[in-house]
Amino acid sequence: MGPLGCMHRLLGSSENFRMSRPQSDTEKRKQISVRGIAEISDVNEIKKTFNRHLHYTLVKDRNVATARDYYFALAHTVKDHLVSRWIRTQQYYYEKDPKRVYYLSLEFYMGRSLQNTMINLGIQSSVDEALYQLGLDIEELEELEEDAGLGNGGLGRLAACFLDSMATLGMAAYGYGIRYEYGIFAQKIINGEQQEEPDDWLRFGNPWEKARPEYMLPVNFYGRVIDTAEGKKWVDTQVVFALPYDNPIPGYNNNVVNTLRLWSAKSPMDFNLKFFNDGDYIQAVLDRNLAENISRVLYPNDNVFEGKELRLKQEYFLCAATLQDIIRRYKAANFGTREPTRTNFDLMPNKVAIQLNDTHPSLAIPELMRVLVDIEGLSWENAWDVTVRCCAYTNHTVLPEALERWPVSMFERLLPRHLEIIYHINFLHLQDVQKRWPGDMDRMRRMSCVEEDGEKRINMAHLSIVGSHAVNGVAAIHSEIIKKDVFKDFYEMNPEKFQNKTNGITPRRWLVLCNPSLSDLITEKIGDEWTVHLDQLTKLKQWAKDPNFQRAVQKVKQENKLRLAQLLEKDYGVKINPSSMFDIHVKRIHEYKRQLLNCLHIITLYNRIKKNPSAKFTARTIMIGGKAAPGYYVAKKIIKLINMVANVVNNDPIVGEKLKVIYLENYRVTLAEKIIPAADLSEQISTAGTEASGTGNMKFMLNGALTIGTLDGANVEMAEEMGDENIFIFGMTVDEVEDLKRKGYNAMDYYNANPELKQVVDQIQNGFFSPGNPDEFRDLADILLKYDRFYLFADYEAYIKKQEEVNSVYENQAKWVEMAIHNIASSGKFSSDRTIIDYGKDIWGIEPNYQKLPDPSVPRELALKE
Ligand SMILES: *Cc1c(COP(=O)(O)O)cnc(C)c1O
């Protein structure tokens, strides 16, 4: 910690503090910031609480306290503001017994909590001021919080945005996931290559979570199934305990605090008791830890299936623990029945909605059947009706390599009773198919949950569709592809199940938190209701051509770019030109996302500069970032190529300021928050038909970057919202990709027809960017020329042309900022609030509730009078 740091947060807190007095014009104060107003009494209380935590919780005084001690004291201070709201909210749910939503996900990519909590509670300005008065630099302390990196990419971040929206919309919602001891690895780039480091995020403790050992639950594995008079019994199992940790999810400005419950694996007391009895005490103690491996580490794959037994254990562990919790809570409310001995499960679908975030938690379906039939004694038909009406499945990808297909042999060992149940589900399902299409054996084979060709496997997507009353894709185009292509047979059988729910992002984190100056500028123009009704951003359109507003938007962008440039210089020692175009491509590294296509553009620009150094050139800083799955060879090679190209480009004196290439190391939620507000151009260039939705695209749009992209995922709807004239769309449509596939794609045709493309590919192939090892990128060139499943060359020319158009618009800054304003103003649809309202209406049967719960800091009598 620097000596009495006193850097003020942007639009300094003291300024707000002073402006908040004298308290004459409330409306005017409201316009200053959506992040709350500092009140003297609040500030004094926060200072007191902070000092109390430093003393009593951290057991330090200011002579010996480290910066991290200050961070923890601050986190505990802010958490104190949550707890009464949290308890009150849960009491309220208990009393009112509304329908509850259970969002099951193997990933919750939460990032940091401190600033988000302060914003949602409306205490940011007060806390800023308190810390300032204490002589502490709050932004420096915020940097000491570890990201909760319990996710890989879009799917995990979506779950996190949904939690924020569900709390903000007053829904009785619960996130359920796994408390991985190690989240997504930290990425280091060394000699241009990715190296993975463990993410030991809990090392210093997690101030936000509360362990609940009293609610620990058993989860069974292995064993065998026996027939008894009371039906099937699963016996001789190995038990692992699931220890819940509760994490608060504050709604925005409504005093709601929901719960994200994450399970941690715990050995039972009698685990391996045999070894203790045998006298090998040391080995027995060591083996106890083995069961706890279940929650050790997040699998770092994005959009790819890895069929490891430990992963199947994780999936079942989450489902088994969560369903016990759901049923316990349902029984505790005992809705609709006075019977003391039996709960009426017929009413469960009126009280419980279970949303499956992809197939990863799809074992919830057979597990719920097992509990209802084997334990609660329901008939199969009765249990199946309840299960289907409770469960709903969200599909996130159509890439075949990502679809979960577990070997039957693995199920037999690990979950023998579930295998029987799945077989019976499938038997009845295929009977229905047979009734509808008698004798259509090929259709039966296609629609089976059990794949019989090659190694016998369970198709978890098929199981999820059969066991759910609703199946949704995550963008309009993706939901259509599901109906017409991947799940066509299922759509023909049950068209009423299939829906679209276009993804969204929470505007609290992705604008209020990450871009305070743009937030304040917007609020100055249209008031602050946009934070919960993002549609209101359309009001900004009236100023799209207004030079004053344009200048203001441009100034904000320029400041954000400058701040990012400073950060990159401080952390990575790279110098960039803040007046160049910031062209940004950040997301997981995957062939379908086509970072290689971007790289082909970079090399093309480089060659053009070298060929004609005196030609006019629009200066660009091209930044690419993202993690590759550690076992994904091609993705790692792509990272290396980008870094080697950067080396050549950045060190060529002829290129100079015209072009810089930067690899953004360790892309994660916290880095996204810093990068996206500084972007001029957002790269969303996946092959049409491969990116289910994308959410990064929406974050950029909301922050006033223009998009260059294909007609894929949510790009399609973004273009619809803003108009084609405000986005740079290029390349093949889904139909054109399909045509090309049918016709046969021959990369050589494009290579031979385009001399610039040929030069670029030759350079990659010949080792131009890897002088020490000329063969380094031969395999990448080989893929491009022979095996490319994502048709890069087919879109190359259109991409390069569109990039030229980008340049010419960028040269006309008035035009550019006008388009940027249209982007911001058109992004209302992409609020996750809208997405969640739609899930509530069409899948869960729940209405949003904009009512505020009472502020628990106000005495109850006063609160009731309001
Ligand atoms: C939003 C987000 C993603 C998803 O990005 P896409 O471009 O939609 O793939 C991935 N990682 C992080 C850290 C994010 O914040």
Side-chain angles (χ1 to χ4, degrees), residues 105 107-112 116 146-165 183-187 199 298 300-304 357-358 396-397 399 402 474-475 477-478 502-511 513-515 583-595 597-598 623-629 635 664-679 681-687 690-703 705 707-710 712-718 827 830-832 835:
S105 180
E107 302 185 20
F108 286 92
Y109 205 170
M110 303 298 287
R112 290 175 176 160
N116 183 248
E146 299 275 350
D147 272 39
L150 310 185
N152 277 288
L155 175 147
R157 184 53 232 175
L158 184 77
C161 285
F162 280 4
L163 293 181
D164 183 82
S165 286
I184 187 67
F185 63 85
Q187 179 193 56
D199 169 41
L298 167 76
N301 297 324
D302 185 66
N303 269 304
V304 63
N357 197 22
D358 212 313
H396 284 270
T397 178
L399 294 182
V474 290
I477 189 176
H478 168 235
T502 299
N503 281 166
I505 55 170
T506 171
R508 273 72 67 182
R509 182 174 295 263
W510 297 112
L511 189 51
L513 182 152
C514 73
N515 202 340
D583 169 353
I584 302 189
H585 197 177
V586 284
K587 50 184 73 246
R588 285 298 291 251
I589 307 297
H590 205 298
E591 286 163 280
Y592 85 82
K593 291 174 183 281
R594 300 203 293 192
Q595 282 92 358
L597 181 58
N598 190 333
M623 302 179 223
I624 303 178
K627 293 172 185 177
L664 296 166
E665 188 178 80
N666 203 23
Y667 180 61
R668 61 199 189 284
V669 172
T670 293
L671 193 55
E673 289 165 8
K674 295 171 186 185
I675 291 166
I676 291 168
L681 186 66
S682 159
E683 300 267 356
Q684 308 296 337
I685 60 175
S686 53
T687 311
T690 65
E691 185 75 273
S693 164
T695 48
N697 47 4
M698 303 167 186
K699 299 167 196 166
F700 283 99
M701 179 185 180
L702 180 61
N703 283 275
T707 297
I708 181 163
T710 48
D712 197 20
N715 297 353
V716 177
E717 291 156 80
M718 284 164 47
S827 56
F830 305 104
S831 167
S832 48
T835 313

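Counting starts at 1 for both ligands and their atoms, in listed order. These numbers come from the heavy atoms of this one structure, side chains and all, not from hydrogens, waters or symmetry mates.
- The N/O atoms of R668, backbone and side chain alike, include none that comes under 3.5 Å of an N/O atom in ligand 1.
- Using modelled atom types, one finds a donor on one side chain and an acceptor on the other under 3.5 Å when comparing E691 with Y592.
- A donor-acceptor contact under 3.5 angstrom links the side chains of E107 and N152, judged on distance only.
- Listed by atom number, the atoms of ligand 1 under 4.0 Å from G694 heavy atoms are 8 (O).
- Side-chain atoms of K627 come within 3.5 Å of backbone N or O of F185 as a donor-acceptor pair.
- A donor and an acceptor atom, one from each side chain of S682 and Q684, are located under 3.5 Å apart.
- For the ligand labelled ligand 1, residue W510 lies inside the 4.0 Å heavy-atom shell.
- For atom 2 (C) of ligand 1, the nearest protein heavy atom (residue, atom name, distance) is K699 NZ, 2.4 Å.
- Among all protein heavy atoms, the one lying closest to atom 11 (N) of ligand 1 is Y667 CE2, 3.6 Å.
- Looking only at atom types and distance, the side chain of H396 has no donor-acceptor partner in the side chain of D358 under 3.5 Å away.
- A distance-only check finds a donor-acceptor pair linking the side chain of T506 to the backbone of R508 [under 3.5 Å].
- Counting atoms of ligand 1 from 1 in the listed order, those under 4.0 Å from a heavy atom of V669 are 13 (C).
- For ligand 1, the polar-atom distance check finds no N/O of G154 at less than 3.5 Å from any of the ligand's N/O atoms.
- With respect to atom 5 (O) of ligand 1, the closest heavy atom belonging to the protein is G696 N, 3.7 Å.
- From the protein, the heavy atom lying nearest to atom 7 (O) of ligand 1 is K587 NZ, 2.6 Å.
- Listed for the N703 side chain is no donor-acceptor partner under 3.5 Å among the backbone atoms of P677.
- Shown in contact with G153 at under 4.0 Å from a heavy atom are these atoms of ligand 1, numbered in order with element: 10 (C), 11 (N).
- Not one N or O on the side chain of N303 forms a donor-acceptor pair closer than 3.5 Å with the backbone of A402.
- With respect to atom 9 (O) of ligand 1, the closest heavy atom belonging to the protein is K593 NZ, 2.8 Å.
- Nearest to atom 8 (O) of ligand 1 among the protein's heavy atoms is T695 N, 2.8 Å.
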